[in-house]
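Here is the structure we will look at.
Note that these values count all heavy atoms, side chains included, but never hydrogens, waters or copies made by symmetry. Given the structure is predicted, the values throughout are model-derived calculations rather than measurements.
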Amino acid sequence: MRSSTPRLAGTALVLVAGLVLAGCSSKDAGDSNSPSGTDSAAASGDLSIQPVVQIDSEGKEVPAADSSNAANPAGDGKAKCDPVSIGMAGALTGPNAALGINILNGAKLAVDQHNKANPDCQVTVKDFDTEGDPQKATQVAPTIVGDASVIGLLGPAFSGETKAVGTVFHQANLLSLTASATNPDLTKNGWTNFYRGLANDAVQGPSVAKYLVGTAGFKKVCVVQDDSDYGVGLAEQITAGLGSAADSACAAKVKQGDKDFSATVQIVKGESPDAVFYAGYYAEAAPFVSQLRQGGMTAAFVSADGTNDPQFVKQAGNASKDAYLSCPCGPAPEQFAKDYKAMFNIDSGVYSVEAYDLATIMLKGIDSGVKDRAGLVDYVKSYDGDGLARHYKWDADGELASALIWIYQVK
């Protein structure tokens, strides 16, 4: 059995010095009680999620993006507009609330900077809590559509809720610009108002799989998935990308809300894998990795953006040490991290930078004279510009023309 800390690209670690990870704080809004079977929050000590390397579709290292030309939400300070609102839809309460709060805060920061610089164009952020639940989202969606002041929407945040309400927003021709929903099938529904601000899991899965097999050198990986649209889709992509390294004998399924993973731990332990990949969210990933470690498993623990949040570290404690967490989201540049901390008194989290960028794009549209929903959809359709996280330009299906993946590690 190989060590839980595989070798890394030798040059990757130099990236850490100039970057502040989106989401490395030991305290976070949307806190929840530690799940049963996990270490205490205090046990995590100084552990945090740190960027390691950005990779391409072949799992190879590529340089971090240059954010020096990123769009500024403040613009030139001369914008004039009637009062309008940007909506944000996602989990603001519930077990995975931290992910939604990260997005909301990123949008609020962009709008705050815009409004301070443009007294004649004041924009409001209106948040709509879906709890990350598809059924709740169907109840909230009509309220969003019915609010005439909302001319663009940041979200929905999760893939399942996006699938459930996407048609509602499409029928209303309300821009749905997601910073986090990564299920590949979402852009196959013919929704001409839907745009994804990061790579989907058809990019993330194969990229990470090739990194795990190539750079990390894993020979046997157990893929465990939850029952969410996100988890199912990601597990499918990871498994396909791993090829013969994915051991079907220890492939397992769990459910959102599970806290007892003893049966799954036994299945995984019986196969003695090099690594365990978990496709799901941090609310289950934390107790799962804790129980793996308590069961004597030393295999590397790997997960993706649904787990890549300070709450994973806080809830799993020392069991999270050395975990690898991929994400189509980029680390927070230094100035953004400072501005975010100053406004919210917490560190930025996963998707905060994407939310800031996407809100900035909508603000630029408003500043350019867009006054209604149709105009904002058209503006984004033809947008082509740099952000803090990446370059934003979309294809006809609403996918980014170019998207890369980051590998992070708990250290």
Side-chain angles (χ1 to χ4, degrees), residues 32 35 90-91 94-100 130-137 156-164 166 178-188 196 198-209 212 221-242 246-248 250-261 263-265 267-268 273 275-292 301-309 311-312 315-316 320 323-329 350-351 405 408:
S32 58
N96 291 301
L99 300 176
T130 65
E131 300 175 21
D133 180 82
Q135 184 175 354
K136 179 65 181 292
F158 291 178
S159 295
E161 61 183 351
T162 303
K163 178 181 178 181
T178 185
S180 53
T182 54
N183 186 288
D185 291 339
L186 294 175
T187 52
K188 300 176 183 179
R196 196 192 322 260
L198 71 176
N200 66 39
D201 289 332
V203 176
Q204 180 172 208
S207 300
V208 174
L212 296 179
V221 182
C222 297
V223 179
V224 180
Q225 68 182 66
D226 73 6
D227 57 351
S228 68
D229 284 332
Y230 163 71
V232 171
L234 177 59
E236 179 181 351
Q237 295 294 333
I238 282 286
T239 301
L242 287 170
D247 186 356
S248 60
C250 55
K253 298 179 180 179
V254 300
K255 295 180 179 179
Q256 286 185 290
D258 283 354
K259 298 302 176 190
D260 182 359
F261 297 93
T264 305
V265 169
I267 292 173
V268 171
V276 178
F277 185 94
Y278 182 73
Y281 295 100
Y282 67 78
E284 290 74 41
F288 180 41
V289 71
S290 294
Q291 291 168 40
L292 282 172
F301 184 81
V302 188
S303 192
D305 48 317
T307 299
N308 192 332
D309 190 88
Q311 281 297 313
F312 169 67
Q315 294 175 15
S320 68
Y324 286 93
L325 306 172
S326 67
C327 192
C329 57
V350 65
Y351 310 132
I405 305 300
Y408 298 86

Report summary line: So CD1 of Ile238 and CD of Gln204: to nearest 0.5 Å the spacing works out to 7.0 Å
Query - Identified side-chain contact (heavy atoms from CB on, under 4.5 Å) partner of Phe288 from the options Val276, Asp226, Val254, Asp258 - result: Val276
Query raised in the report: Is there a side-chain contact between Leu99 and Tyr282, using heavy atoms and a 4.5 Å cut-off?
Result: yes
Query - Partners passing ring-ring contact (aromatic ring centres under 6.0 Å, His included) against Phe277 (at least two apart in sequence or in another chain) - result: none
Report summary line: Sorted by chain and residue number, the side chain to side chain contact (heavy atoms under 4.5 Å, CB included) partners of Ala251 (sequence neighbours excluded) come out as none
Query raised in the report: Taking only residues two or more places apart in sequence, or in another chain, which ones meet Asp185 in a salt bridge (charged side-chain N to carboxylate O under 4.0 Å, His left out)?
Result: Lys188
Query - Residues in side-chain hydrogen bond (donor to acceptor under 3.5 Å, both in side chains) contact with Glu161, at least two apart in sequence or another chain - result: Thr130
**Report entry** Which residues share a salt bridge (charged side-chain N to carboxylate O under 4.0 Å, His left out) with Asp229, sequence neighbours left out
**Finding:** none
Query raised in the report: Considering residues at least two apart in sequence or located in another chain, which fulfil the salt bridge (charged side-chain N to carboxylate O under 4.0 Å, His left out) criterion with Glu131?
Result: Lys136
**Report entry** Under the side-chain hydrogen bond (donor to acceptor under 3.5 Å, both in side chains) test, residues paired with Thr182 that sit two or more places apart
**Finding:** Asp201
Report summary line: side chain to side chain contact (heavy atoms under 4.5 Å, CB included) filter on Pro206, not counting sequence neighbours, yields Gln237
Report task. For Tyr230, enumerate each residue passing the side-chain hydrogen bond (donor to acceptor under 3.5 Å, both in side chains) test, keeping only those at least two apart in sequence or located in another chain. Result -> Asp305
Query raised in the report: Going by heavy atoms in the side chains, are Gln291 and Asp260 under 4.5 Å from each other?
Result: yes
Query raised in the report: Looking at SG of Cys250 and CD1 of Ile267, how far apart are the two atoms once the value is rounded to the nearest 0.5 Å?
Result: 9.0 Å
**Report entry** For Ala323, all residues meeting side chain to side chain contact (heavy atoms under 4.5 Å, CB included), sequence neighbours excluded
**Finding:** Phe301, Phe312, Val410
Requested in this report: Name all residues meeting the side chain to side chain contact (heavy atoms under 4.5 Å, CB included) criterion together with Ala235; count only those two or more places apart in sequence or in a different chain, and write none if there are none.
Outcome: Val223, Gln225, Ala279
**Report entry** Under the side-chain hydrogen bond (donor to acceptor under 3.5 Å, both in side chains) test, residues paired with Asn96 that sit two or more places apart
**Finding:** none
Requested in this report: Mark yes or no for whether Ser159, through its side chain, and Ala181, through its backbone, hold a donor-acceptor pair below 3.5 Å.
Outcome: no
